[in-house]
Amino acid sequence: SSENNSPKYKTIAFENSAEKYPAGSYRFYNLTKETVAIKIGEESIIAAPEKLVEFIQNSDYDSTVHLSVSIKKQDSNKPLYSNEWPQKASSRSLVLISKAGAKQSGKIKVKVFNDRILP
């Protein structure tokens, strides 16, 4: 409960099959109250508040991809996160975008869970 400043927890269930989310794919879950713009390589996608968006990409090789996350504004985007990520042909990624805690720098926190897909 928020009366004693305890954190609130929420369970989220979603499809997780290797057929729907093959190796090389990304799923971004926007846990914030803001609309975020996500750019992965040359592709851009929009994640509504508290929604899951998918970037399905079948990749047969390992590479590096540039990822950036911005708060989507009417006229422009406010950049919040930018980094180079390894992309493995044998794994997929679930990316959680959340509000940064009081003791963390920046406005958002990006947490990546890599999941190896076995043949």
Side-chain angles (χ1 to χ4, degrees):
S1 110
S2 59
E3 294 174 2
N4 62 7
N5 293 328
S6 295
K8 295 179 182 178
Y9 294 95
K10 183 178 182 180
T11 300
I12 303 166
F14 47 85
E15 171 69 38
N16 198 38
S17 71
E19 292 78 29
K20 182 159 175 136
Y21 300 108
S25 66
Y26 293 85
R27 292 169 293 162
F28 297 90
Y29 204 104
N30 177 12
L31 297 167
T32 74
K33 303 283 186 201
E34 308 256 8
T35 298
V36 297
I38 301 163
K39 186 169 184 183
I40 184 159
E42 297 300 316
E43 302 289 326
S44 296
I45 53 178
I46 301 297
E50 300 181 340
K51 296 292 180 193
L52 178 76
V53 294
E54 309 160 352
F55 179 76
I56 307 299
Q57 174 178 301
N58 289 310
S59 179
D60 294 333
Y61 57 91
D62 294 348
S63 64
T64 302
V65 66
H66 182 81
L67 175 89
S68 63
V69 179
S70 305
I71 295 289
K72 180 83 175 137
K73 298 293 182 187
Q74 208 162 7
D75 301 356
S76 62
N77 293 340
K78 179 180 177 186
L80 296 176
Y81 177 88
S82 180
N83 205 347
E84 296 288 325
W85 282 4
Q87 183 175 16
K88 301 287 185 186
S90 60
S91 66
R92 61 190 179 172
S93 300
L94 170 63
V95 183
L96 302 179
I97 302 168
S98 61
K99 182 179 173 185
K103 295 181 181 180
Q104 296 171 318
S105 63
K107 287 187 75 171
I108 64 167
K109 179 169 83 172
V110 176
K111 178 68 178 165
V112 183
F113 296 92
N114 291 310
D115 184 15
R116 187 160 185 229
I117 303 294
L118 299 174

- When rounded to the nearest 0.5 angstrom, what distance separates NZ in K107 from OG in S98? 13.0 Å
- Message: Less than 3.5 Å apart, any donor N or O on the side chain of Y21 or E54 sitting next to an acceptor on the other?
- Response: yes
- Task: Report yes if some heavy atom in the side chain of K72 is under 4.5 Å from a heavy atom in the side chain of I46; otherwise report no.
- Result: yes
- Distance in Å, E34 CD paired with E50 CD, rounded so as to fall on 0.5 Å steps: 11.5 Å
- Message: With a 4.5 Å cut-off on side-chain heavy atoms, are L31 and I12 touching?
- Response: yes
- Query: If you take all heavy atoms of N30 and T35, which pair is closest and at what distance?
  - Reply: ND2-CA, 4.3 Å
- Item | Atom pair NZ/NZ of K99 and K109 - distance to nearest 0.5 Å | 12.5 Å
- Query: Is atom CD of E84 surrounded by more than 12 heavy atoms (other residues, nucleotides or ligands) closer than 6.0 Å?
  - Reply: yes
- Message: For the residue pair S93 / N114, report whether a side-chain donor-acceptor contact shorter than 3.5 Å exists.
- Response: yes
- Would you check if I108 and V69 make a side-chain contact, meaning some heavy-atom pair closer than 4.5 Å? yes
- Shortest non-hydrogen contact from S25 toward P22: OG-O, 2.6 Å
- Query: Atom NZ in K39, atom CD1 in I45: separation rounded to 0.5 Å?
  - Reply: 12.5 Å
- Message: Do I117 and F55 land in one hydrophobic cluster if side-chain heavy atoms of ILVMFWY residues count as linked below 4.5 Å?
- Response: no
- Test item: V110 and F28 side chains (from C-beta on) under 4.5 Å apart, heavy atoms: no
- Query: How about R116 and S90: do any of their side-chain heavy atoms sit closer than 4.5 Å?
  - Reply: yes
- Report yes if the side chains of I97 and I38 come closer than 4.5 Å at any heavy-atom pair, otherwise no. yes
- Task: Compare all side-chain heavy atoms of V95 with those of W85 and state whether any distance is below 4.5 angstrom.
- Result: yes
- Could you tell me whether R92 sits above the aromatic face of Y26, with NZ or CZ closer than 6.0 angstrom to the six-membered ring centre and within 45 degrees of the axis? no
- Task: Output, in order, the C-alpha distance, side-chain angles, deciding distance and verdict of side-chain contact (heavy atoms from CB on, under 4.5 Å) for I71 and N77.
- Result: CA-CA 6 Å; I71 295 289; N77 293 340; over 6 Å; no
- Using atom types as modelled and distance alone, determine if a side-chain donor or acceptor of E15 lies under 3.5 Å from a backbone N or O of S17. yes
- Could you grab the distance from atom CG of L96 to atom CZ of R27, nearest 0.5 Å is fine? 10.0 Å
